[in-house]
Structures are given as structure tokens and as C-alpha cells.
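Just follow the structure's listing: the first ligand is 1, and inside any ligand the first atom is 1. When a residue number appears, it is its place in the shown sequence, counting from 1. Because only heavy atoms are used, hydrogens play no part in the values below, and waters and symmetry mates are left out as well, while side chains stay in.
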Amino acid sequence: MKQIYLSAFILAGLMSCNNAPKQLAEKTAEQDKKEAPSVIVYEEYSGEDPTKPEETEVYEPVPPKVNPTEKNGAPSDAIVLFDGKNFDQWISTKDSAAVDWHLNDDGSMTVKNKAGDIQTKKNFGSVQLHIEWKSPAEIQGENQSRGNSGIFLQNLYEVQVLDNNDNDTYANGQVGSIYKQSIPLAMASVPTGEWNTYDIIYHAPEFNAEGEKIKSATITVIHNGVLIQDHTEIKGATSYIGWPKNEAHGKSPLRLQDHGDNSRVSYRNIWVRELD
Ligand code: MG
């Protein structure tokens with residue numbers, strides 16, 4: 001949105017001119033800093049100020065109707081990636097073969113130790129993602145080896161899943177972090193063994209024809225209703241070792257992590273709404 005910024009510099013300039021008494025000029029300049037608002041004029045709201053309510057009513061475009069729970073709790077325009085029945089939307093990351101994780105009777109799936117990550121068959125760009133996860137009630141391991149999994153947007157950018165209840169670790173690798181890039185605003189986990197929800201708004205990065213990044217990915221994460229990542233810039237792939245690097249890529253799968261240490265994290269009710 002085009003914005004035109006107008007400052008109050010003319011007023012400040014008049015008040016601080018040489019002819020004005022020094023005390024008055026200083027006071028006014030100080031007041032000006034505190035009180036004078038910046039004026040932002042939006043192009044579509046410039047011109048004559050309307051005098052009738054009808055002049056500011058807009059009827060098009062009409063947003064599409066979405067039934068928020070039509071698909072067994074998922075919105076009518078969502079792509080349901082996992083509803084507990086099968087792994088039809090997923091493949092093994094290491095060999096593209098059928099998923100070898102546990103499919104449970106309660107409509108969830110559980111990471112099978114050392115079976116490897118799984119990823120969606122479909123590629124995604126910007127999405128709204130809903131996903132639920134649970135750490136195993138039986139506690140094993142500590143630090144990064146307790147209930148560790150992860151949700152990788154576009155196969156590259158990890159939102160950490162970890163059992164952090166009475167289990168400290170580095171803050172930029174704790175539950176809800178953008179792994180090794182962004183500490184969450186809060187630790188909002190439910191007790192170990194209960195279901196957590198992540199609601200994620202993710203905007204994919206943009207690259208020019210030369211492969212240079214022109215816009216970083218951004219992510220907002222709501223953990224059990226609590227905002228923990230607020231339009232966070234993702235600076236590159238979330239690496240275990242090394243600085244984040246961002247090479248050009250297009251739409252890519254959503255990936256779930258097998259951390260390889262018997263972390264036994266479970267997932268259920270996974271759906272996305274595509275935003276591009
Ligand atoms: Mg992880």
C-alpha cells in the first residue's frame with residue numbers, strides 16, 4: 001500500500017528559528033517530539049473527505065464463504081493432510097516409499113524410531129497450517145532428546161516440537177522456536193502427554209530470476225491459543241550447524257521430523273489452507 005509520510009517539520013522549523021526566544025524554542029521542539037503526530041495519507045483515502053456514510057461502504061469483492069468445521073473439524077476449503085485414517089497424503093522422505101510410522105487407533109500417528117522423516121506428496125508455498133502434536137507421557141531422555149520432532153515448512157524451516165516441561169534447553173531450540181533462529185515469545189505447552197495445537201501462518205520467501213532472495217519468509221505461530229511467533233522473519237534454512245542460508249526454491253513439501261532418538265511424538269488433525 002502506497003503511503004505518503006508528511007512530517008511536522010515546518011512547524012518545528014518555525015518554532016526553532018533564530019528570532020524566537022531560546023527557552024520557547026527548546027520547549028516547543030521538545031513538545032513537538034512528544035506530541036506532534038506523523039501524518040500518514042493513504043492514496044485511496046486522499047482527496048475530498050466523504051460526508052455521507054455510503055461513500056465509504058464497499059461491496060466487492062465478496063469473500064468466499066468457508067464453513068470452518070465442514071471437513072470433520074477442518075474448514076471447507078482446507079486440504080486435509082491427515083485425519084487419522086491413512087497416510088495417503090504422505091511419503092517417506094528418505095526414499096519416497098510408503099510411510100512407516102505408527103498409525104494409531106485414536107486417529108493419530110506416532111513417529112517410528114529411525115524410520116526417518118515423512119513429507120507430503122504435495123508441494124506448498126504460503127499456507128495456513130493447523131497441526132496437533134503430543135509428547136509421550138512416558139518421559140525418556142532430556143534436553144533435545146525428550147520428545148523432539150519438528151514441522152518443516154517448505155522442507156527447510158523448522159518449527160520446533162519438543163517436550164520442554166521441566167526440561168531446559170537452549171532458548172532458540174526450545175518448543176515453538178524457529179530452530180536456532182527465533183526464540184518463542186512464550187512457552188505455552190500443555191502437560192506432557194496431552195495434545196498441543198499449532199496454528200501457523202506462513203508466507204514463503206520470494207526470489208528473483210537470478211536466484212537472489214528479494215523477500216524473506218515470515219511465520220506466525222499460535223501455540224494452544226498463545227502467540228509465540230509474531231510475523232517472524234525466517235532468514236534461511238534452520239540448520240543444526242551453521243548460519244541460516246537461503247537458496248532459491250519453489251513450492252516444497254511439508255515435512256515432519258523423526259529426530260532419531262525414540263522421541264515418540266504423535267500428530268493428528270493436520271490440515272492446510274493455501275494462501276497463494
Ligand atoms: Mg526438532
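Judged purely by atom type and a 3.5 angstrom limit, Asn196 uses its side chain to pair as donor or acceptor with the backbone of Val190. At distances below 3.5 Å, at least one donor-acceptor pair connects side-chain atoms of Arg255 with backbone N or O atoms of Asn155.
Ring pair His249/Tyr157 is tilted by interplanar angle, where 30° to 60° counts as tilted.
Glu158 contributes atom OE2 as its closest N/O/S atom to the Mg ion (ligand 1).
Ser149 lies close to the Mg ion (ligand 1), since one of its N, O or S atoms is found at a distance under 2.8 Å. Residue contact annotation: Gln144 places no N/O/S atom under 2.8 Å from the Mg ion (ligand 1).
Side-chain polar atoms of Glu43 and Tyr45 form no donor-acceptor pair below 3.5 angstrom.
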